[in-house]
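Structure first, then comments.
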Amino acid sequence: QLVLGHGARRFHVAAALNAKAKVAMSRFEPSSYVNYDKLRSNVDIVRKRLNRPLTLSEKIVYGHLDDPAGQDIARGRTYLRLRPDRVAMQDATAQMAMLQFISSGLPKVAVPSTIHCDHLIEAQTGGVQDLQRAKIILENYAYPGVMLIGTDSHTPNGGGLGCICIGVGGADAVDVMAGIPWELKCPNVIGVKLTGSLSGWTSPKDVILKVAGILTVKGGTGAIVEYHGPGVDSISCTGMATICNMGAEIGATTSVFPYNHRMRAYLQKTGHIAALADENQDLLVPDSDCHYDQVIEINLSELKPHINGPFTPDLAHPVSDIGTVAEKNGWPLDVKVGLIGSCTNSSYEDMGRAASLAQQALDKGLKCKAQFTVTPGSEQIRATIERDGYAKVFRDVGGIVLANACGPCIGQWDRRDVKKGDKNTIVTSFNRNFTARNDANPATHAFVTSPEIVTALAIAGSLKFDPETDFLTAPNGEKFKLVPPTGDELPARDFDPGQDTYQHPPPDGSALKVDVNPQSNRLQLLEPFDKWSGKDLEDLQVLIKVKGKCTTDHISAAGPWLKFRGHLDNISNNLLIGAVNIENDAVNKIRNQLNGEFGGVPDVARHYKKNGLSWVVVGDENYGEGSSREHAALEPRHLGGRAIIVKSFARIHETNLKKQGLLPLTFANPADYDKIRPDDKISIVGLKSFAPGKSLQAVIKHIDGSSETIELNHTFNETQIQWFQAGSALNRMKELQ
């Protein structure tokens, strides 16, 4: 290494090994191979050009450049053209991605692409009844150094295995499936240096709960969060995955950990490519003395258990304080339901640690005071916890083991213990706790924490319970404290793969035809959106001026609406029904400016469209945070929207809007938000000379005849401007064909 330097280290040895024994990317695709040689070659080219040490995320991202020799690379400024290794889609968002791929007219995907069934399963009674069919990326498709894009905002789970896994909308997935270079703004890199070690009640979840409290829901926007430092080795591979998973809640492009022995142990247990990763370890860790744009330091030895919420995942509290804070704020203290699992916290280790607490309660004759549900994150986890007895412990303590799917985490929960509107508290080990997300009840106060704390609070039944200091009372009157949780990182007897639900693609799909019943209310083939007229957008009616937080859940709700994810017209009936109208502080109640009557947002939008009146939405900060669902961009376009003007955007949503031919614009002066009235019309001026870095103007026309002009910023590059002009990215793809 001293003689050859980083770039040449073991290059010839690794190349020879790879040539001798090709290693498949996954057990499902024996003819698609891991290619560390290409990664190394690209990294060497970029390292020579930049002449500086590289972070891990830079190695993997720049290692997937379409043109490493010519690509302009500047963090936070330039757009990178990338070649990801594969695409993963979940069943709800996959429908629209596949419909768009069908519209592209291409016969076959250019990279391995998979669909995972997890979102469309409703939780109610239990796993067998609700169906069990889900796989997580970490188990089957992630490997150190891979670049994977997925149509789910929690795709970054794979960062726990040293991957760059990025959540995107379906149109981005179509680009990659079509073999077109995928564009990403060159991310900044936030370093989180971990020292000390985890112990006792503190878990990996507490790391990201703490980081969310520091960075807030928008602090990671435009950046990859890269964890490093000596504390990393005290976290299991699946614990790292939990941290990366919830990185979506701080707006991060993705999160990643460096390759280490904890990942190697996981790879060996799950049949992955440990030996090849070992050979290329220098590619899978950051260079010493690399530069981070921001550094956060966390001493794991001093980190306390946290619980975040309600209504936002960045409102962080130590568990020891939450009872007092809840009393002060009037939040319900009784815990109605404790929910553990889903993609964030459902590993074998998570389940084991939670079960160790449940067993302590059972040994003293106690059951949960709150309802308790368990959602395994995959078929492999479900089968293994059944085999090893954890599932029985959960049932014995009063829990219900649900299907291995998203379930309550995304609102797929047929909840019946409280009426809608009843104020209540639930605690979950999920990742999001936006208003009404889990159970469609806006009065539910949802808190996110670790599975261990959820289990302890479900046993105690109160937010005031601090398991580190407080006692429980057994039925015989005995007072006892819970011993800190323990659990095996990986199963001693290996994983039970469970039921094999993989469906192979046909060897030759050229003769296959996709037939969609025109009468179907769940699937609808897409019609191309109209092209830009070549003129400024004149007299756009303000559809709604949104007040406060507006996530993709507010824009396009999940839960019962998921069944329409493949039918654009039907799902458009949920457009912005959760957004608060500044005019009356009401949801789904806006004034129709054509007839003066109040109506639902989708109804008024449809009325405007029918009457040839294009419209605009006005919003606040971090508009579109949360899920990657591109329906939140497709729906406004379908119903006649032309522009979304806000103080700031979440990354995925801003890109999704551009892909569908809409104009995501931001106030040059955020205070100009206050100048717009709910009954205004807005003209967007300067589109004939639309260019990167050049602002546009909005002429605000008030109903009293007065007007004022404000400046609007945008982040469009040349390619994205072509999407707008063609009417959508898909239209542009067809033009190029």
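Count residues from 1 along the sequence.
- Using a 30° and 60° split on the angle between ring planes, H445 and W331 fall in the tilted class, from 30° to 60°.
- Of the possible polar contacts, one joining the S683 side chain to the D539 backbone as a donor-acceptor pair under 3.5 Å is found.
- The heavy-atom pair separating A557 from N574 by the smallest distance is O-ND2, 3.1 Å.
- Taking the ring centre of F724 as origin, the terminal cationic atom of K658 falls outside the region bounded by 6.0 Å and 45° from the ring axis.
- The existence of a salt bridge linking D422 and K420 is excluded, since no basic side-chain nitrogen approaches an acidic carboxylate oxygen closer than 4.0 Å.
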*Apply side-chain contact (heavy atoms from CB on, under 4.5 Å) to I645 and V617, showing your working.*
CA-CA 6 Å; I645 304 172; V617 169; over 6 Å; no
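- Taking the six-membered ring for Trp and the full ring otherwise, F716 and W723 have centroids separated by 6.0 Å or more.
- Annotation: the span from L523 atom CG to L568 atom CG amounts to 12.0 Å, rounded to 0.5 Å.
- Within a 6.0 Å radius of CD in Q737, other residues, nucleotides and ligands contribute more than 12 heavy atoms.
- Taking every heavy atom of both residues into account, H653 and G624 meet most closely at CB-O, 3.5 Å.
- Residues Y608 and N611 fail the side-chain proximity criterion, which asks for heavy atoms closer than 4.5 Å.
- We find that D679 and K701 are not joined by a salt bridge, their nearest charged nitrogen and carboxylate oxygen being 4.0 Å or further apart.
- Applying the salt bridge (Lys or Arg N to Asp or Glu O under 4.0 Å) test to D569 and every residue at least two apart in sequence or in another chain returns R606.
- Side-chain rings of H638 and F529 stay apart, their centers remaining 6.0 Å or farther from each other.
- For the pair K547 and D585, the salt-bridge criterion is met [side-chain N within less than 4.0 Å of a carboxylate O].
- A salt bridge links E625 with K549: at least one charged nitrogen is closer than 4.0 Å to a carboxylate oxygen.
- Using a 3.5 Å distance cut-off with no hydrogens or angles, the side chains of S728 and Q660 do not pair a donor with an acceptor.
- Across L712 and A698, no two heavy atoms sit closer than the pair CD1-CB, 3.5 Å.
- Of the possible polar contacts, one joining the W532 side chain to the K535 backbone as a donor-acceptor pair under 3.5 Å is found.
- Nearest heavy-atom pair, V337 versus R415, reported as atom, atom and distance to 0.1 Å: CG2-NH2, 3.6 Å.
- Using a distance-only test at 3.5 Å, with no hydrogens or angles considered, a donor-acceptor pair links the side chain of H631 to the main chain of R565.
- Side chains of N713 and T666: no donor on one and acceptor on the other come within 3.5 Å.
- For R86 (side chain) and T114 (main-chain N/O), no donor-acceptor pair under 3.5 Å exists by modelled atom type.
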*List the steps, then state whether side chain to side chain donor-acceptor pair (under 3.5 Å) holds for T715 with K185.*
CA-CA 10 Å; T715 60; K185 194 167 198 178; 5.6 Å; no
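- A search for ring-ring contact (aromatic ring centres under 6.0 Å, His included) contacts involving Y79 returns nothing, not counting sequence neighbours.
- Across all their heavy atoms, P84 and W182 have their closest contact at CG-CE3, 3.9 Å.
- Here the side chain of N584 pairs a donor or acceptor atom with the backbone of A586 at under 3.5 angstrom.
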*Criterion side-chain contact (heavy atoms from CB on, under 4.5 Å) on L687 and L663, from CA distance to verdict*: CA-CA 10 Å; L687 290 173; L663 288 172; 4.0 Å; yes
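- Among residues at least two apart or in separate chains, salt bridge (charged side-chain N to carboxylate O under 4.0 Å, His left out) pairs with a member in residues 646-656 are D620-K647.
- Evaluation of the salt bridge (charged side-chain N to carboxylate O under 4.0 Å, His left out) test over residues 702-719, restricted to residues two or more places apart or in two chains, returns R677-D704.
- Sorted by first and then second residue, the salt bridge (charged side-chain N to carboxylate O under 4.0 Å, His left out) pairs involving residues 724-737 (not counting sequence neighbours) are K531-E735, R732-E735.
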*Verdict with reasoning, I571 to N573, per side-chain contact (heavy atoms from CB on, under 4.5 Å)*: CA-CA 5 Å; I571 200 168; N573 289 324; over 6 Å; no
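- Note on D603 versus K589: no salt bridge recorded, every NZ/NE/NH1/NH2 to OD/OE distance being 4.0 Å or above.
- Relative orientation of the F690 and H714 rings is perpendicular, given thresholds of 30° and 60° on the angle between their planes.
- N517 and S520 are not linked by any side-chain donor-acceptor pair at a separation below 3.5 angstrom, with hydrogens and angles left out of the test.
- Atom OG1 in T254 sits 12.0 Å away from atom CD1 in I149 (nearest 0.5 Å).
- Looking only at distances, no side-chain donor or acceptor of K545 sits under 3.5 Å from a matching main-chain atom of V542.
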*Where do V616 and R642 land on the side-chain contact (heavy atoms from CB on, under 4.5 Å) test, with the steps shown first?*
CA-CA 6 Å; V616 60; R642 291 293 176 182; over 6 Å; no
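- A salt bridge links E621 and K218; the closest N-O separation between the charged side-chain nitrogens and carboxylate oxygens is under 4.0 Å.
- With hydrogens and angles disregarded, no donor-acceptor distance shorter than 3.5 Å links the side chain of E249 to the backbone of G626.
- For the salt bridge (charged side-chain N to carboxylate O under 4.0 Å, His left out) condition, the pairs that include at least one residue of residues 174-184, sequence neighbours left out, are D175-K659.
- Remark: I676 CD1 to I700 CD1 distance equals 4.5 Å, nearest 0.5 Å.
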*For the pair T216 and D314, evaluate side chain to side chain donor-acceptor pair (under 3.5 Å) and give the outcome as yes or no after the intermediate values.*
CA-CA 5 Å; T216 77; D314 59 352; 4.5 Å; no
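- Of the charged side-chain nitrogens involved, at least one lies within less than 4.0 Å of a carboxylate oxygen, so that D553 and R629 count as a salt-bridged pair.
- Side-chain contact check for T552 and H554: no donor-acceptor pair (N or O, by modelled atom type) lies under 3.5 Å.
- Here the side chain of N308 pairs a donor or acceptor atom with the backbone of P313 at under 3.5 angstrom.
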*Going through the checks in order, is the salt bridge (charged side-chain N to carboxylate O under 4.0 Å, His left out) test met by E597 and R591?*
CA-CA 6 Å; E597 298 173 2; R591 191 188 301 275; over 6 Å; no
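- Side chain of Q541 to main chain of D680: a donor-acceptor pair is present (N/O by atom type, distance under 3.5 Å, no hydrogens or angles).
- Using modelled atom types, one finds a donor on one side chain and an acceptor on the other under 3.5 Å when comparing N431 with N245.
- A distance-only check finds no donor-acceptor pair linking the side chain of Q697 to the backbone of I710 [under 3.5 Å].
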